[in-house]
Amino acid sequence: MIDYYLKTSPPWSLCDLFKAGAMDTWERIRFSRTIPNLKIHETTITQNIIYELRLLQQIGKVRGLRIYEAKNEKANGTDIELFVIVGKKAIGFPLQAKIIYHTSKKKHFNGDYRQMHHEVKKSGDKQIDLILKYAKDKGRVPLYLLYNYVNPGFSSVSEMKHYGCTLVSAEFLKKHWYDPTGNLRKDIHFLDIHADHR
């Protein structure tokens with residue numbers, strides 16, 4: 001991601017930074033999931049995204065963004081705190097990151113987000129409820145940040161890579177993808193959320 005942008009001239013836009021993060025994430029997961037005996041973890045991608053976006057932001061003199069690793073995931077249900085600055089106002093987005101899992105090594109992946117169905121061990125609180133409450137208390141917009149690699153029939157490689165990171169509303173997930181306990185389901189697939197690529 002950094003090498004790609006270092007070849008272009010600043011200034012870059014926020015959109016440029018987010019595209020770079022998505023493309024890098026797609027490639028990391030693709031490489032790790034298609035090479036034998038290699039793993040990639042959600043926490044690693046999260047830390048890389050925060051580091052690389054902040055570095056590119058500095059190099060490219062991009063304004064209007066603040067991004068931090070969240071301080072208390074178990075209490076708030078968040079991995080990342082993202083703020084977009086509009087004028088003098090900061091709009092906050094607590095993000096819960098989820099990596100895609102693949103159960104098949106076939107040529108075409110779909111993949112699921114089985115870790116969306118998550119409860120905090122000690123308290124038994126559902127992670128989805130924690131992020132919704134935290135966002136409401138703080139006046140922020142709760143989102144899930146999905147880390148992806150699939151191959152369901154995109155028209156071009158560049159189009160595919162833009163899906164390396166996607167955002168979905170936590171409220172939307174809670175409304176449409178819950179199980180009988182009120183938690184998020186274990187079988188939410190890439191193509192369920194990204195329906196334009198069925």
Side-chain angles (χ1 to χ4, degrees), residues 13-22 24-25 41-58 62-101 111-148 163-190 192-195:
S13 69
L14 280 179
C15 191
D16 290 330
L17 294 189
F18 294 142
K19 279 183 191 175
D24 184 67
T25 299
H41 297 282
E42 179 185 291
T43 52
T44 305
I45 294 174
T46 297
Q47 290 170 337
N48 286 335
I49 282 177
I50 292 169
Y51 165 77
E52 290 176 350
L53 287 182
R54 291 190 70 173
L55 180 61
L56 287 174
Q57 184 181 13
Q58 240 183 357
V62 179
R63 295 183 182 182
L65 175 73
R66 289 189 209 135
I67 187 167
Y68 310 98
E69 194 166 0
K71 292 181 181 175
N72 197 344
E73 182 186 7
K74 289 181 182 176
N76 302 324
T78 59
D79 289 306
I80 298 173
E81 292 281 354
L82 174 71
F83 296 90
V84 176
I85 315 303
V86 181
K88 294 183 179 180
K89 185 176 180 182
I91 303 168
F93 300 91
L95 307 178
Q96 173 51 237
K98 295 297 174 191
I99 194 169
I100 197 165
Y101 288 87
D112 63 68
Y113 307 99
R114 62 192 70 152
Q115 292 300 319
M116 281 188 182
H117 180 93
H118 183 76
E119 290 183 6
V120 179
K121 287 182 182 176
K122 288 186 179 179
S123 67
D125 292 322
K126 296 171 182 65
Q127 193 173 59
I128 183 72
D129 294 331
L130 291 174
I131 192 170
L132 288 169
K133 181 182 183 314
Y134 175 73
K136 184 178 180 182
D137 291 348
K138 297 283 188 179
R140 297 176 186 164
V141 181
L143 300 172
Y144 273 65
L145 172 60
L146 308 180
Y147 301 146
N148 302 305
Y163 281 78
C165 294
T166 55
L167 295 167
V168 62
S169 160
E171 283 128 348
F172 175 85
L173 288 172
K174 179 75 173 179
K175 182 176 179 181
H176 296 284
W177 298 102
Y178 61 91
D179 68 13
T181 71
N183 204 341
L184 294 180
R185 288 172 30 187
K186 295 179 182 180
D187 63 345
I188 304 172
H189 289 83
F190 178 87
D192 294 328
I193 295 173
H194 308 87

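FYI, side chains are in, hydrogens and waters are out, and symmetry mates aren't considered; it's all heavy atoms of this structure.
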Sub-4.5 Å side-chain heavy-atom contact between I100 and D112: no
Can you name the closest pair of heavy atoms from L132 and P142 and give their distance? CD2-CG, 3.9 Å
What pair of heavy atoms forms the shortest contact from C165 to I49, and how long is it? SG-CD1, 3.7 Å
So how far is it from Q47 CD to H41 NE2, rounded to the nearest 0.5 Å? 11.5 Å
May I ask you to test the E119-N183 pair for a side-chain heavy-atom distance under 4.5 Å? yes
Around F93, counting heavy atoms of other residues, nucleotides and ligands shown, do more than 12 lie under 6.0 Å from its CZ? yes
Any donor-acceptor pair under 3.5 Å linking the side chain of N48 with the backbone of T44? yes
What distance separates N72 CG from L130 CG, expressed to the nearest 0.5 Å? 9.5 Å
Criterion side chain to side chain contact (heavy atoms under 4.5 Å, CB included) on I67 and R54, from CA distance to verdict: CA-CA 7 Å; I67 187 167; R54 291 190 70 173; 3.5 Å; yes
Closest heavy-atom contact between H189 and D192? N-OD2, 2.8 Å
Side chain to side chain contact (heavy atoms under 4.5 Å, CB included) between R185 and M116, worked out: CA-CA 7 Å; R185 288 172 30 187; M116 281 188 182; over 6 Å; no
Side chain of H117, backbone of L184: donor and acceptor closer than 3.5 Å? yes
Side-chain contact, heavy-atom cut-off 4.5 Å: R66 with L82? no
If I take atom CG from residue L146 and atom OG1 from residue T166, how far apart are they, to the nearest 0.5 angstrom? 4.0 Å
Heavy-atom pair of closest approach, residues F83 and G92: CD2-CA, 3.5 Å
Evaluate I131 against Y144 for side chain to side chain contact (heavy atoms under 4.5 Å, CB included), listing each step before the verdict. CA-CA 9 Å; I131 192 170; Y144 273 65; 4.2 Å; yes
Return yes if a side-chain donor-acceptor contact under 3.5 Å exists between N148 and T25, otherwise no. no
D79 to A97 - nearest heavy-atom pair and separation: OD2-N, 2.7 Å
Checking F18 against L65 for the side chain to side chain contact (heavy atoms under 4.5 Å, CB included) test, could you report, in this order, the C-alpha distance in whole Å, the side-chain angles of both residues, the deciding distance, and whether it holds? CA-CA 11 Å; F18 294 142; L65 175 73; 4.0 Å; yes
CD-OH distance between Q115 and Y101, expressed to the nearest 0.5 angstrom: 4.5 Å
With a 4.5 Å cut-off on side-chain heavy atoms, are Q127 and V120 touching? no
Ion pair check, R140 and E81, cut-off under 4.0 Å: yes
Between N76 (side chain) and T78 (backbone), is there a donor-acceptor pair under 3.5 Å? no
Do the side chains of V168 and L143 get nearer than 4.5 Å, heavy atoms only? no
Looking at D129 and K174, does any basic side-chain N land under 4.0 Å from a carboxylate oxygen? yes
I need the minimum non-hydrogen distance between L56 and A20, along with the two atoms involved. CD1-CB, 4.3 Å
Give the ring-plane orientation class for H194 versus Y113, where under 30° counts as parallel, over 60° as perpendicular and anything between as tilted. tilted
For Y147 and T46, test the side chains for any donor-to-acceptor distance below 3.5 angstrom and give the result as yes or no. yes
Find the distance between CD1 (I45) and CG (L145) and round it off to the nearest 0.5 Å. 9.5 Å
Let me confirm one number: the CG-CG distance from L167 to L95, rounded to the nearest 0.5 Å. 6.5 Å
